[in-house]
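Residue numbers start from 1 in every chain, and the chains themselves are labelled A, B, ... in the order their sequence lines are given, proteins ahead of strands.
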Amino acid sequence: MLLISAFATVVFHRQRVVALLMISVVGLMVSIAFTRFSAPDLALTQLSVEVVTIILLMLALFFLPHKTPKQSSPTRVIRDIGLASMVGVVIGSISYAIMTRPFNTISDYFLANAKTGGGGTNVVNVILVDFRGFDTFGEIAVLGIASLGIFKLLTRIPVFKPSSDGEGRPWALERHPVLLATVSQSLLPLALMVSVFIFFRGHNLPGGGFIAGLVTAVALILQYIAHGVEWVKSRMNIEYQRVVAVGLMVALITGVASWLFNKPFLTSWFDYFDIPLLGKIELASAIAFDAGVYITVVGSTLLILASLGKMTTSHRPVHTETI
Amino acid sequence: MESLLAGCIGFLTACGVFLLLRGRTFPVVVGLTMLAYAVNLFLFSSGRLTLQGAAVLGTTETYADPLPQALVLTAIVIGFAMTAYLVILAIRARADLGNDHVDGKLPENESSRKESR
């Protein structure tokens, strides 16, 4: 299935919408593979990122041509196929070679210390927010920077406004489907509840800040799709740049707070495990860091998609002439 | 099982590289997304494959390697940010330059064909 859909993406890459559908199938298959090989956290993340990516690419297609003109000569295509398959064979055999070798993992340390040192039983999440917290902090910083860069790139864009799709049909004006609007509105609190649930179980069961953030972002984006940018903006007037900044600050403050206990940056939570009463407090600091991750993910995902989506609607030219 | 996954990784890489070599921005973005899948699977597989062993303490006897999983989890999100940035760059390039070729201008033979039309 993975192979078929990947192949179909290549075959249909000229029909861009079809290619998009195909690559979403690839993403879902990857997520199933993660589930099969016992990585539930990864599967959840992949699933929600997949949704966001497809929405993003769909929006992007509004600005880009829908079809790729045929332009490569046959010799060039053959050369590219040869090159690509060579790379593929090399990578495939390297990965096969790695997977069949015996190995010594350093993860036994994490497995042994996750409960006592990090206070959680989901080792993946404990590694993210605790053992390698500094990594995660850098990573959400990258996410925030990328979203701010996108916001900046889009603000002064000389807007290229397509008023019709590739075949000359005009885009429908803002008419939001009633069914979707109603359902999504009642779905929002449910989705938010699910994301909070995922967030809090993250330390002990699959879940965590990243996944919860993505679920929240997807739920809010559904509101944008169902009601339009203006509707959401009139009800929830938040600047997402601020949200990103708040998320980063929460994570940073959590890290800096450990200095008050004379511990290195971002380490306070796994040093008190022998005192039962303070055990709760140390757990809370990991959750605060995860909350920073959560807020940053929500903020930057929404910043990216909302600023792109805003362009597709508010600047949309009114197509008056009849066809 | 290992050979199947290795084959999938290889094939995904091949498809990604082929799409990367196309001349328009959208296939390049899609190709990069596919390469990102391949890289994620590759990193993940370096922790070896384990069935029924999610790295949640107390549920099973053998655990999957949690370290690559944690690294890949961040890689997925970073990959999304990178794809988004690339898409916006493509849109910006289209808006500024008027076409979506990766070189910023259409190749000679095509633009002359367009003029003659």
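If you tally non-hydrogen atom pairs under 4.5 Å between each of A:Ile91, A:Ile145, A:Val142 and chain B, the highest count goes to A:Ile91.
With a 4.5 Å cut-off on non-hydrogen atoms, B:Val72 touches chain A through its backbone and its side chain both.
The line from CD1 of B:Ile9 to OG of A:Ser93 is 11.0 Å long, rounded to the nearest 0.5 Å.
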Can I get a per-line list of side-chain donor-acceptor pairs under 3.5 Å for residues 74-85 of chain B, giving both atom names and the distance, sequence neighbours left out?
unit_1  : atom_1 : unit_2  : atom_2 : d
B:Thr74 : OG1    : B:Leu71 : O      : 2.7
B:Thr83 : OG1    : B:Gly79 : O      : 2.7

Sequence neighbours left out, cut at 3.5 Å: what donor-acceptor pairs do the side chains of residues 26-42 of chain B make with other protein atoms?
unit_1  : atom_1 : unit_2  : atom_2 : d
B:Thr33 : OG1    : B:Val29 : O      : 2.8
B:Tyr37 : OH     : A:Glu50 : OE1    : 2.6
B:Tyr37 : OH     : A:Glu50 : OE2    : 3.2
B:Asn40 : ND2    : B:Ala36 : O      : 3.4

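For the side-chain contact (heavy atoms from CB on, under 4.5 Å) criterion with B:Thr13, the lone passing option out of A:Val87, A:Val90, A:Ile94, A:Val89 is A:Val87.
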